[in-house]
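First comes the structure, then the notes that go with it.
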Amino acid sequence: MDSHVAQLQMQYRNYILSLYQQGFLDDQFTELKSLQDDGSPDFVAEVLSLFFDDCVKLVGNMARALDQTGTVDFSQVGANVHQLKGSSSSVGAKRVKGLCINFKELCEAKNYEGCVRCLQQVDIEYKTLKAKLQDMFNVSVIIVHMNPVSVWDDFNKIILGKE
Amino acid sequence: MASDGGVSCLRRPEMINVGGIGGMESPPLDVDEVHVLAVDDSLVDRIFIERLLRITSCKVTAVDSGWRALEFLGIDNEKASAELDESSSFRQVPVVIMSSENVITRIDRCLEEGAEDFLLKPVKLADVKRLRNYLSRDVKLSNGNKRKLPEDSVSVNTSPPLTLSPDSSDSSPPPLLLSSDSSDASSPPLSPVESLSSPLSFPLDDEDDDVSTESSPTPEESPVRRQKMRSPSLD
């Protein structure tokens with residue numbers, strides 16, 4: 001049993017590291033994690049959940065704004081992009097944030113085709129991140145279930161360098 | 001109206017009668033505790049800044065717009081410019097701006113207009129801790145004319161009484177207003193107190209010069225720290 005747990009823990013560690021290495025997360029995610037403690041054990045999950053709700057809402061707004069048969073209100077699209085850029089920045093969703101930066105420029109240039117393409121990328125990107133983070137949480141739940149030692153201890157050791 | 005964000009720290013919330021939203025009773029704060037009014041249109045950012053402030057032992061009220069901030073402070077929007085006169089206790093409220101836009105000219109303008117500090121988003125715990133330490137010290141505004149206020153004198157206050165007492169003790173830190181930028185793209189930034197006193201919307205520039213995908217600058221490069229080094233009176 002121990003070797004299974006150890007193996008899972010290693011996979012979990014590698015998984016987290018890969019999310020950083022592949023640019024899905026940046027150090028703001030580390031900052032977010034550091035705000036969680038025993039008194040607020042669900043903080044990260046809560047914030048991420050709100051973030052993904054935000055993504056759904058804002059992407060929907062942008063899609064509607066771009067779907068106008070008449071003149072597209074690019075400032076309206078841009079306002080939503082700005083919101084998404086802000087929240088993705090706050091949670092450390094690095095790729096989503098990066099896309100939003102490009103998206104803003106496209107809105108300012110009133111580049112319709114570019115905006116539509118970028119919105120599609122944003123949609124894919126936040127959903128990908130959501131799936132990856134969900135995997136991460138699922139694995140952490142399994143590990144916790146198998147081994148009472150908190151998986152966040154592992155996280156802290158790897159990412160924050162604490163022992 | 002354009003949405004914005006901010007944090008206002010009220011020294012004696014138990015004395016506030018917020019008639020606009022049915023009144024709010026708060027237990028008296030400890031002498032070292034500060035009450036911060038956080039204003040941000042983003043729910044994610046509100047939750048985030050709330051957590052940062054709670055960790056640093058602030059009492060927090062988070063609202064989603066400048067209108068609600070005025071409502072919380074008990075300022076009647078119609079009479080806002082008249083109520084906030086030279087002697088208003090709201091002049092005691094320090095303002096700190098939060099923005100994701102790392103544009104030095106804007107930051108300087110915010111500080112020149114009377115903001116006490118500027119936090120670059122994404123905000124870190126260290127930023128809030130620094131502010132908290134700042135608030136705990138015996139800080140007084142170095143220049144009483146630093147903030148622009150309307151020329152009109154105060155008229156009769158017919159709105160529900162706002163009994164926020166200005167702190168007469170020199171040892172009490174002034175409250176803090178921390179304001180985040182908005183998503184509106186139309187107008188140049190207003191000074192924090194101007195925006196507080198004006199019934200107009202709170203438009204701030206939506207330009208984003210942050211083309212870098214890097215995360216927030218190192219502490220040495222932080223415009224706030226740079227500004228603080230230039231202006232020792234802010235310490």
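Any value given below was found using the heavy atoms of this structure, including those in side chains, with hydrogens, waters and symmetry copies removed.
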Is any side-chain N of the basic residue among R68(B) and D64(B) closer than 4.0 Å to the acidic one's carboxylate O?
-> yes

Does a donor on one side chain sit under 3.5 Å from an acceptor on the other, for Y126(A) and S88(A)?
-> no

Turns out that what part of D37(A) lies under 4.5 Å from chain B's heavy atoms comes down to both

For the residue pair R130(B) and N133(B), confirm or rule out a side-chain donor-acceptor distance under 3.5 Å.
-> no

Chain B contacts, top residue of G23(A), S49(A), S87(A) (heavy-atom pairs, under 4.5 Å) | S87(A)

Looking at D45(B), L52(B), V123(B), which makes the most heavy-atom pairs under 4.5 Å with chain A?
-> D45(B)

Option in L32(A), L35(A), L50(A) with maximal non-hydrogen atom pairs under 4.5 Å from chain B = L35(A)

Would R54(B) and E50(B) pass as an ion pair if we require N to O under 4.0 Å?
-> yes

Under 4.5 Å, counting heavy-atom pairs only, tell me which of V44(B), L43(B), I55(B) racks up the most with chain A.
-> V44(B)

Chain B heavy atoms under 4.5 Å from V81(A): which part of the residue, side chain, backbone, both or neither?
-> neither

Residues R95(A) and D26(A) bridged, charged N to O under 4.0 Å = no

